S.K.: 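One structure follows; several queries about it will come next.
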Amino acid sequence: MTLRGAECPAGLLLAAGEGSRLGRPKALVELDGERLVDRGVRTLRDGGCSPVLVVAGAAQIEVIGAVVVPNPGWRTGMGSSLRAGLSALPPECPAVVVALVDQPLVTAAAVRRLVEAYERGARVAVATYDGRPRNPVLIAREHFAAAAEAAEGDAGARSFLRARPELVTAVPCADVAAPDDIDTPADLAAFTSRNLR
C-alpha cells in the first residue's frame with residue numbers, strides 16, 4: 001500500500017536554531033552546493049512526506065517546495081519549534097515525520113522506512129542506529145497534542161517518547177542512514193570532506 005494525498009504523513013524539518021557553536025544558522029550552511037534546509041526538505045519529500053513544513057527562527061529563509069513556519073520563540077530551544085510545527089500542520093494531516101536540519105546523513109530511505117512502519121500500523125516510530133533511538137521520528141495525529149505538551153527546552157520529542165515507550169516502534173536505519181549532526185566548525189569540515197550525494 002502506498003499512501004496518497006491526505007493519507008500521507010507530512011514532513012516537519014526543525015531548522016530554527018542559530019548554530020551558536022557553529023557560528024551561523026545551520027539551515028543556511030551549504031554542503032555540495034546545497035543548503036542544509038533544502039537538503040532536509042528534499043529528504044522528507046523523497047521519503048514520501050507531503051506537505052513539508054520548515055520551522056525557521058534565527059534566519060529568515062525561503063524554501064522551494066515547503067511551507068515555512070516562523071517560530072518567534074526559537075531562542076527557548078527545539079521544543080518551541082516542535083510545538084510551532086505541530087500546530088501549523090493541516091487539520092487533515094494523519095501523521096508527521098520530524099527531522100532535524102543538522103543531520104545531513106539522514107536519508108530518504110530512512111524516512112521511507114518510518115512511513116512504511118506507519119502504513120503497517122505504527123502510531124509512533126523512531127529511527128534507530130545500532131539499537132539507539134535518534135531521528136527522524138514519526139508521530140500519528142492522535143499523539144500531536146501530547147508530543148507538543150511534552151516539548152520543552154531542547155528536548156523536542158524526547159520527553160514524549162520516553163514517557164510512552166509502549167507506543168514506540170523501533171525502525172532500524174543504520175544500514176541506510178546515520179544520525180551524525182553538525183554542531184561545530186570541525187563537524188562541518190568533516191562533512192565537507194565527504195561526498196554526501
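By convention here, the first residue in the shown sequence is residue 1. Since we're looking at a predicted model, the values are computed, not measured. Every heavy atom of this structure was used, including side-chain atoms; hydrogens, water molecules and symmetry mates were not.
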S.K.: Find out whether Pro133 and Val168 are in side-chain contact, i.e. whether some heavy atom of one side chain is under 4.5 Å from a heavy atom of the other.
M.R.: no
S.K.: For the atom pair CD (Glu92) and SG (Cys8), what is the distance rounded to the nearest 0.5 Å?
M.R.: 11.5 Å
S.K.: Less than 4.5 Å apart, side chain to side chain, heavy atoms only: is that true for Leu138 and Pro9?
M.R.: yes
S.K.: Hydrophobic cluster membership, with links at side-chain heavy-atom distances under 4.5 Å among I/L/V/M/F/W/Y: are Phe144 and Val137 in one?
M.R.: yes
S.K.: Would you give the length of the straight line joining atom CG of Asn71 to atom OG of Ser87, rounded to the nearest 0.5 angstrom?
M.R.: 9.0 Å
S.K.: Passes side-chain contact (heavy atoms from CB on, under 4.5 Å), Leu53 versus Leu89? Steps please.
M.R.: CA-CA 8 Å; Leu53 283 65; Leu89 290 169; 4.0 Å; yes
S.K.: Out of curiosity, Phe160 CZ to Glu149 CD, how far, rounded to the nearest 0.5 Å?
M.R.: 11.0 Å
S.K.: Do Asp180 and Phe191 make a side-chain contact, defined as non-hydrogen atoms from C-beta onward lying under 4.5 Å apart?
M.R.: yes
S.K.: Could you tell me the separation between the SG atom of Cys173 and the CG atom of Leu114, rounded to the nearest 0.5 Å?
M.R.: 5.5 Å
S.K.: What is the distance from atom CD of Gln60 to atom CG of Leu28, rounded to the nearest 0.5 Å?
M.R.: 10.5 Å
S.K.: Could you tell me whether a side-chain N or O of Ser81 sits under 3.5 Å from a main-chain N or O of Val55, the two making a donor and an acceptor?
M.R.: no
S.K.: Count I, L, V, M, F, W, Y as connected when their side-chain heavy atoms are under 4.5 Å apart, and connections chain through other members. Are Leu100 and Val67 then in the same cluster?
M.R.: yes
S.K.: Identify the two heavy atoms, one from Val106 and one from Thr43, that lie closest to each other, and give their separation to 0.1 Å.
M.R.: O-CG2, 3.6 Å
S.K.: The test is side-chain contact (heavy atoms from CB on, under 4.5 Å); show your working for Val96 and Leu86 and say whether it passes.
M.R.: CA-CA 8 Å; Val96 65; Leu86 290 174; 3.9 Å; yes
S.K.: Atom CZ of Arg35 and atom CZ of Arg42: how far apart are they, to the nearest 0.5 Å?
M.R.: 13.0 Å
S.K.: With side chains defined as the heavy atoms from C-beta onward, is the minimum distance between Leu188 and Val29 less than 4.5 Å?
M.R.: yes
S.K.: Do Val98 and Leu14 have side chains that approach each other closer than 4.5 Å (heavy atoms only, starting at C-beta)?
M.R.: yes
S.K.: Before accepting this row, confirm whether a basic side-chain N of the pair Arg39/Glu34 lies closer than 4.0 Å to the acidic partner's carboxylate O.
M.R.: yes
S.K.: Can you list the steps and then say if Val41 with Val54 is a side-chain contact (heavy atoms from CB on, under 4.5 Å)?
M.R.: CA-CA 8 Å; Val41 167; Val54 175; 3.4 Å; yes
S.K.: With the side chain counted from C-beta on, respond yes when Gln103 and Asn135 share a heavy-atom pair under 4.5 Å apart, and no when they do not.
M.R.: yes
S.K.: Using modelled atom types only, decide if a donor and an acceptor are shared between the side chain of Lys26 and the backbone of Glu18 within a distance under 3.5 Å.
M.R.: no
S.K.: Which heavy-atom pair separates Gly17 from Trp74 by the least distance, and what is that distance?
M.R.: CA-CE3, 4.5 Å
S.K.: Please collect all side chain to side chain donor-acceptor pair (under 3.5 Å) contacts where either partner lies in residues 123-134, sequence neighbours excluded, each pair once.
M.R.: Arg123-Glu142
S.K.: Is there a side-chain contact between Leu12 and Leu82 in this structure, where contact means two heavy atoms from C-beta onward sitting under 4.5 Å apart?
M.R.: yes
S.K.: Before giving the answer on salt bridge (charged side-chain N to carboxylate O under 4.0 Å, His left out), spell out for Arg112 and Asp46 the whole-Å C-alpha distance, their side-chain angles and the decisive distance to 0.1 Å.
M.R.: CA-CA 8 Å; Arg112 203 170 299 118; Asp46 291 351; over 6 Å; no
S.K.: Quickly, which of Asp181, Asp183, Asp102 forms a salt bridge (charged side-chain N to carboxylate O under 4.0 Å, His left out) with Arg21? Name it, please.
M.R.: Asp183
S.K.: Any side-chain heavy-atom pair from Thr169 and Val124 closer than 4.5 angstrom?
M.R.: no
S.K.: Check whether Ser80 reaches the backbone of Gly73 with its side chain - one donor and one acceptor, N or O, closer than 3.5 Å.
M.R.: yes
